[in-house]
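Chain naming here is simple, since letters A, B, ... match the order of the sequence lines and numbering starts at 1 in each.
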Protein chains: 2
Amino acid sequence: MLTQSLNAPAISTSITRGKIAPALHPVSDKFGAIAGHVGLVATEFSYRKEEEIYGEDEPAEYVYQVVSGAVRSYKLLSDGRRQIGAFHLPGDVFGLESGATHRLAAEAIIDTTVRLVKRTSLEKAAGTDVQVARKLWAMTASELRHAEDHMLLLGRKTAMERVATFLLEMDRRLAVASMMALPMCRRDIGDYLGLTLETVSRALSQLHAQGILGFSGARQIVLRNRARLHNLDA
Amino acid sequence: MLTQSLNAPAISTSITRGKIAPALHPVSDKFGAIAGHVGLVATEFSYRKEEEIYGEDEPAEYVYQVVSGAVRSYKLLSDGRRQIGAFHLPGDVFGLESGATHRLAAEAIIDTTVRLVKRTSLEKAAGTDVQVARKLWAMTASELRHAEDHMLLLGRKTAMERVATFLLEMDRRLAVASMMALPMCRRDIGDYLGLTLETVSRALSQLHAQGILGFSGARQIVLRNRARLHNLDA
DNA sequence: CGCTTACTTGAGCGCCATCAAACATAGTGG
DNA sequence: CCACTATGTTTGATGGCGCTCAAGTAAGCG
């Protein structure tokens, strides 16, 4: 599993397939808060839909920030069962490791552009700048908080509660004008929530029938009653 | 939920109920690696069986290390469903937060003695000593790794696979002379694995019937065939 | 428009939860 | 030392939530 990813950017002259995205909102630009601060150069790079960014247990050479698109981080069991630990959306940093290897694999869900910096550069910066070290710790702690919340969901929530939690999370993270455009398919949602794609679909249909959400195509969802959705969450 | 815990050590003159435990093995003494390094004084304190150490969302005033005993960290849903995120055994550090509050509650499973230092002391030390900052980050990253593994377990493993994983984890962490003395009850195990206590009991009985493990009382377990247990894990 | 992929919906089943009771263990007081 | 009690564990019976298998429908895309 420690094979070098063929998809990793090999050198700094790597071709970026995507376009430069509009500037991220300053407050959410965690990457810039680091890279900018210590004068690191962030390279842009693009991945196509379904392309692997790095594999599980691969050396963690880079740290990434989503510029546009969406990424899933996941673990696999030997028989193919998959648990997605997190979705990474524009502005999010992923692939940050304190150790030498990536603990989860990462793939682009749709065409995705990222900014990346070498892990060693960040390590070096953290060694001289306490503010950078503090920020790296805070980002890992933030991931841990999400994982802890997600353990509660996976271990103890019902299917409907999980889907309600998911919708509220996505609403918070990617809704524009109360509409969210989900980048991921039903199977991804299921593998994130510890459910099958059919169960996810049934839950969404039920919420639709109750008027709690509206569809404009399967992945365009508008929440019509967040209060009732909160009640369905535990 | 932000109420001050009545169980928290109020002042430095707080009475320690427990005894001073034998010195921890140097390599596993993460706390000493920090506290010793920067000259922080670690206070000892004891909690009785079932006693709360801190509550969810309480201000994170201290960071703890288990000297003897065992601790569970958990989250609750409003109706009482509980997810234990981790068990903390002698040598383990817990309650370390990058932010201002504890994201999980913590309780002593059995009579437990801890060493503790003020979070602000560690923060201050991290601000001047890069090595300390690096260590704090590494400890949080280690917790994150465990949480990521546990998400896979909770989301995708069967009951038998979960119990097998649990046994191997406990064997690794607290077995002496190939015997493990579990400090926690079946309900705790269930709440850690996202199962009921009955399902945990049935899985253990089945492993016993297959000769994979032996009992000397319900909580004294000896693994007789780790290879077969690994096969039962996914 | 035709093809492919994704999504929805239905039917039936199985794993694990629930409910219940028996059994074991540890601690207590006589 | 031994009933006695409380707590924890095991085991059984039953049921339900979510999975599996299957078919039909919709949507995206050349």
Side-chain angles (χ1 to χ4, degrees), chain A residues 48-50 70 72 77 79-83 109-111 153-167 181-210 213-221 232 234, chain B residues 48-50 70 72 77 79-83 109-111 153-167 181-210 213-221 232 234:
Chain A
R48 281 173 304 225
K49 188 174 191 291
E50 303 296 301
R72 56 181 173 245
L77 292 176
D79 63 357
R81 281 174 286 172
R82 183 179 64 159
Q83 179 61 48
I109 297 174
I110 53 178
D111 289 354
L153 177 148
L154 294 170
R156 289 305 180 206
K157 290 189 181 180
T158 66
M160 185 54 83
E161 288 166 350
R162 295 179 200 207
V163 171
T165 303
F166 170 77
L167 287 171
L182 298 177
M184 74 290 287
C185 66
R186 296 291 188 265
R187 178 176 298 277
D188 286 343
I189 299 172
D191 285 351
Y192 180 58
L193 300 178
L195 301 170
T196 59
L197 65 94
E198 293 95 333
T199 298
V200 171
S201 179
R202 275 183 249 271
L204 290 173
S205 294
Q206 196 179 325
L207 293 172
H208 185 229
Q210 293 178 258
L213 60 80
F215 283 113
S216 313
R219 298 191 190 182
Q220 297 277 334
I221 296 179
L232 291 179
Chain B
R48 281 173 305 226
K49 188 175 192 289
E50 303 295 300
R72 56 181 173 245
L77 292 176
D79 62 358
R81 279 173 288 171
R82 182 179 66 159
Q83 179 61 46
I109 297 174
I110 54 179
D111 290 354
L153 178 150
L154 294 170
R156 288 305 180 207
K157 289 189 182 180
T158 66
M160 184 54 81
E161 288 166 348
R162 294 179 201 207
V163 171
T165 303
F166 170 77
L167 288 171
L182 298 178
M184 73 291 284
C185 66
R186 297 291 188 264
R187 179 177 298 278
D188 286 343
I189 300 172
D191 285 352
Y192 178 59
L193 299 179
L195 301 169
T196 60
L197 65 95
E198 293 94 333
T199 298
V200 172
S201 179
R202 274 183 250 271
L204 291 174
S205 295
Q206 196 179 325
L207 293 172
H208 185 230
Q210 293 178 257
L213 59 81
F215 283 114
S216 315
R219 297 191 190 181
Q220 297 279 332
I221 296 179
L232 291 179

Worksheet item: Do A:D188 and A:R82 meet the salt-bridge criterion of a basic N to acidic O distance under 4.0 Å?
Response: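 Answer for the salt bridge query: yes.
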Worksheet item: Can a salt bridge be assigned to the pair A:D191 and A:R81 using a cut-off of 4.0 Å between side-chain N and carboxylate O?
Response: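 Salt bridge flag = no for A:R81 with A:D191.
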Discussion item. Suppose we screen for side chain to side chain contact (heavy atoms under 4.5 Å, CB included). Which residues come up paired with B:R202, at least two apart in sequence or across chains?
Written reply: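 Result, side chain to side chain contact (heavy atoms under 4.5 Å, CB included) vs B:R202: B:E198.
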Please round to the nearest 0.5 Å and tell me the distance separating atom [atom1] of [X] and atom [atom2] of [Y].
{"X": "A:D111", "Y": "A:K49", "atom1": "CG", "atom2": "NZ", "value": "8.5 Å"}
{"X": "B:L232", "Y": "B:M160", "atom1": "CG", "atom2": "CE", "value": "6.5 Å"}
{"X": "B:I189", "Y": "B:M184", "atom1": "CD1", "atom2": "CE", "value": "6.0 Å"}
{"X": "B:I221", "Y": "B:L204", "atom1": "CD1", "atom2": "CG", "value": "5.0 Å"}
{"X": "B:L195", "Y": "B:T158", "atom1": "CG", "atom2": "OG1", "value": "9.0 Å"}
{"X": "A:L154", "Y": "B:Q83", "atom1": "CG", "atom2": "CD", "value": "8.5 Å"}

[X] [atom1] - [N] [atom2] separation (whole Å):
{"X": "B:R81", "N": "C:dA17", "atom1": "CZ", "atom2": "P", "value": "13 Å"}
{"X": "B:E161", "N": "C:dC16", "atom1": "CD", "atom2": "C1'", "value": "14 Å"}
{"X": "A:H208", "N": "C:dT9", "atom1": "NE2", "atom2": "C1'", "value": "15 Å"}

List the atom of [X], the atom of [Y], and the distance in Å for their closest heavy-atom pair.
{"X": "B:R72", "Y": "B:E50", "result": "NH2-OE1, 3.2 Å"}
{"X": "A:P183", "Y": "A:I110", "result": "O-CG2, 3.7 Å"}
{"X": "A:G190", "Y": "B:R156", "result": "O-NH2, 3.2 Å"}

Worksheet entry | Within residues 182-192 of chain A, residues whose heavy atoms come under 4.0 Å of DNA chain D |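 Hits under 4.0 Å, by residue number: none.
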Fill in: A:R162 side-chain N/O to A:K157 backbone N/O, donor-acceptor pair under 3.5 Å
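At least one qualifying donor-acceptor pair exists.
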Practice prompt. Using modelled atom types only, decide if a donor and an acceptor are shared between the side chain of A:T165 and the backbone of A:E161 within a distance under 3.5 Å.
Written response: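 Yes.
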Output one line per pair: protein atom, nucleotide atom from nucleotides 24-28 of chain C, and distance, for all N/O pairs under 3.5 Å.
none

Worksheet entry | Range on DNA chain D touched by chain B - first to last nucleotide, heavy-atom distance under 4.0 Å |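 Range of nucleotides within reach of chain B: D:dG8 to D:dA13.
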Worksheet item: Between the two ends of the helix from C:dC1-D:dG30 to C:dG30-D:dC1, what is the bend in degrees, rounded to 10 degrees, where each end axis spans five pairs?
Response: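 Helix axis angle between the two ends: 40°.
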Discussion item. Using side-chain contact (heavy atoms from CB on, under 4.5 Å), reason through A:L182 and A:F166 one step at a time and then give a plain yes or no.
Written reply: CA-CA 11 Å; A:L182 298 177; A:F166 170 77; 4.3 Å; yes
Worksheet entry | Within residues 194-206 of chain A: residues closer than 4.0 Å to DNA chain C (heavy atoms) |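 Contacting residues: A:L197, A:E198, A:S201, A:R202, A:S205.
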